[in-house]
Amino acid sequence: MAVNWPGLVSIGLFYVIVLATGVWASKKSKHEEKKCTGNRSEVAMVGGRNLNIWVSIFTMTATWVGGGFILGSAEVVYDPTKGLVWAIGPIGYSLNMIIGGLFFIKPARSKNYVTLMDPLQEKYGNTVAAVLFIPALLGDILWIGCILGALGGTVSVIIDVSPLLAVGISAAVAIIYTLMGGLYSVAYTDVIQLSFILVGLWVCVPFILTSPTSANFTTSAVTKLHQQPWLGKLELEDAGRWLDDVLLLAISGICYQVFYQRVLSCASDTQARITCYAGAVLCPILAIPSLIIGAVAASTDWNQTTYGSPGPYEQNQAGMILPIALQHLCPFYISLIGMGALAAAVMSSVDSALLSAASQLGRNIFKNIIYKKASERMILVVVKVSVVLCGLMGAGLAMTTTSVFLLWIVGADVVYSMLTPQITCTFFLSKWVNKYGACSGFLLAIVLRALVGEPAIGLPDILPLPWDKIQEDGRRQRLFPFRTAIMLVTSGTILLVSHLAAWLSEKRLMEKDRDAKKDVNMHHTAPEQSDGEETQRLNAEKPQETSVTESLNIL
């Protein structure tokens, strides 16, 4: 098939609009730098803590309503082995923002943190925090790969270009405008992108519903026509696995830096809560078109369409069912509108994940560990280099799987199992935990998760669990909610080992854990300074001259 030039032009036009918005936002970012009392890196990372409430709502919602959310929801409804009952994304993300708004805003904003790693560094010190940063970084990279893979598959399906080319161009556009304006570019482009999503997919829905090759999708919801009913089934034995998936998305999301970037960029706690609650309402609404399209696709006789037989599921293209449905069940120009909406969904998340990973690399790794005397200019350079590197890694990962849903879940799984217990204990049980408990819990989480396995990515399932079912190929089907169990066991281990370590230190049988915030070299919550002020301070200071009391006053 020849390249679809109208489609290519339409995607190009969309990218031009996004880039133009990014350029405009970068100018606004420079203007805010002059007004902001904080330093330049804070303007890039959290927008100077002064985002407009409407912009903050748009950017919070657009971040979660990304390519994995849009394509993954349609994929699950269409998949005859799953169905609507397993489309837990809208429920999980809505609960995620409600939980975040109720419980995590106050501790996150209480000390003017900039990144998710700040409280971990303050509590446990640089070395432990650097280790705990690994699952956070891995989660972001997997997320970037998921959403770039979604766009690559979408563009290649509709306009017949190489997925590699589509992923490369999309990653380049996202990297460029993220480099130019930091959070301001990300937030203001999110406004444009969410508008595309809202309008574009809903425009396609009437044409999808009236396709002559599709049966009545309300009938096929409970009746087997061209495949199993798209409502799906939730057997009693599957209840634990279903609940595990819901909790995975509902809780792991509050352990991503992208959540805290938006919460910390708000001007007040009240604005941050409104942003979360508004996002909790908008996420399920924005999922409705994807769910409808997935249901119609499951009701379609694909042999009667231009796609032909066998259908997408038989050709292992269930992950791309949404763009396939747009292409074969809609008029051509309507499908272009839908493609623009999908591109918007992908771009709205990939830029956030890029800035998330880069902010922590620049601030918590480079500034706080590698080179403590780094100037604001140096930090920004490291952030920008990190944006490029993370974009390249995510783009490479996007080529490794055909299932968007798989990368989406695996990324959340890593964060849920390994990072959620650490964040929860640090925020709410800080008096009862220490670095010994944190390290023990982290190691246990890795071992348990590795033993449980993940056959979808080639990790063997070694550890037997309750309610396991042995499949025909000899692999175990996990029915036990193992992810939540690992999270709870890890949390208990952190508390238990911390208590044991405290007791041993009281008996003088081991070294007492020193609170990291008493470290004279920690400056990550110090009052913000301009480049000139910071240079004068560093020239005037002598190494190790600051006393413990002075550091505590700074904090």
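As the structure is a prediction and not an experimental result, all values here were calculated from the model. The first residue of the sequence shown is numbered 1, and numbering continues consecutively from there.
With hydrogens and angles disregarded, no donor-acceptor distance shorter than 3.5 Å links the side chain of Q315 to the backbone of P312. Formation of a donor-acceptor pair under 3.5 Å by the Q257 side chain with backbone atoms of A357 is not found in this model. The closest donor-acceptor contact from the side chain of R478 to the backbone of F482 lies at 3.5 Å or more, if one exists at all. Within the 3.5 Å criterion, the main-chain N or O of A353 finds no donor-acceptor partner in the side chain of Y256. In this structure, the side chain of S220 engages the main chain of F217 through a donor-acceptor pair within 3.5 Å.
In this structure, a donor-acceptor pair under 3.5 Å is absent between the side chains of R262 and T275. Between the side chains of S214 and T300, at least one donor N or O lies within less than 3.5 Å of an accepting N or O. Side chain to side chain, D413 and S417 meet the donor-acceptor criterion of an N or O pair below 3.5 Å.
Here the straight-line distance linking atom CE of M487 with atom OH of Y416 works out to 3.5 Å at 0.5 Å rounding. Note that the CD1 atom of I251 and the OG1 atom of T484 stand 6.5 Å from one another [nearest 0.5 Å]. Atom CD1 of I105 sits about 12.5 Å away from atom CD1 of I99, to the nearest 0.5 Å. To the nearest 0.5 Å, atoms OG (S265) and CG (L51) are separated by 4.0 Å. Here the CG atom belonging to L132 is positioned 6.0 Å from the CZ atom belonging to F442, to the nearest 0.5 angstrom. A distance of 11.0 Å separates OG1 of T490 from CG of L419, quoted to the nearest 0.5 Å.
A salt bridge links R483 and D245; the closest N-O separation between the charged side-chain nitrogens and carboxylate oxygens is under 4.0 Å. Look at K82 and E75 and you find no salt bridge, because none of the NZ, NE, NH1 or NH2 atoms lies under 4.0 Å from a carboxylate O.
Remark: Y307 pairs with W302, H328 by the ring pair (Phe, Tyr, Trp, His ring centres under 6.0 Å) rule, at least two apart or across chains. Under the side-chain hydrogen bond (donor to acceptor under 3.5 Å, both in side chains) criterion, T61 pairs with no residue at all, not counting sequence neighbours. Applying the salt bridge (Lys or Arg N to Asp or Glu O under 4.0 Å) rule to D140 yields no partners; only residues at least two apart in sequence or on another chain are considered. When the side-chain hydrogen bond (donor to acceptor under 3.5 Å, both in side chains) test is applied to D301, no partner is found at least two apart in sequence or on another chain. Not counting sequence neighbours, the partners of F428 by the side chain to side chain contact (heavy atoms under 4.5 Å, CB included) test are F103, F104, P107, T424.
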Show your working on side-chain hydrogen bond (donor to acceptor under 3.5 Å, both in side chains) between S352 and Q261 and close with a plain yes or no.
CA-CA 9 Å; S352 301; Q261 275 181 331; 5.9 Å; no

Candidate pair Y93 and F69, rule ring-ring contact (aromatic ring centres under 6.0 Å, His included), full reasoning
CA-CA 9 Å; Y93 280 177; F69 182 87; 5.6 Å; yes

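For residues 93-109, the pairs satisfying salt bridge (Lys or Arg N to Asp or Glu O under 4.0 Å) are R109-D269, with sequence neighbours left out.
Side-chain contact check for L249 versus N96: every heavy-atom pair is 4.5 Å or farther apart.
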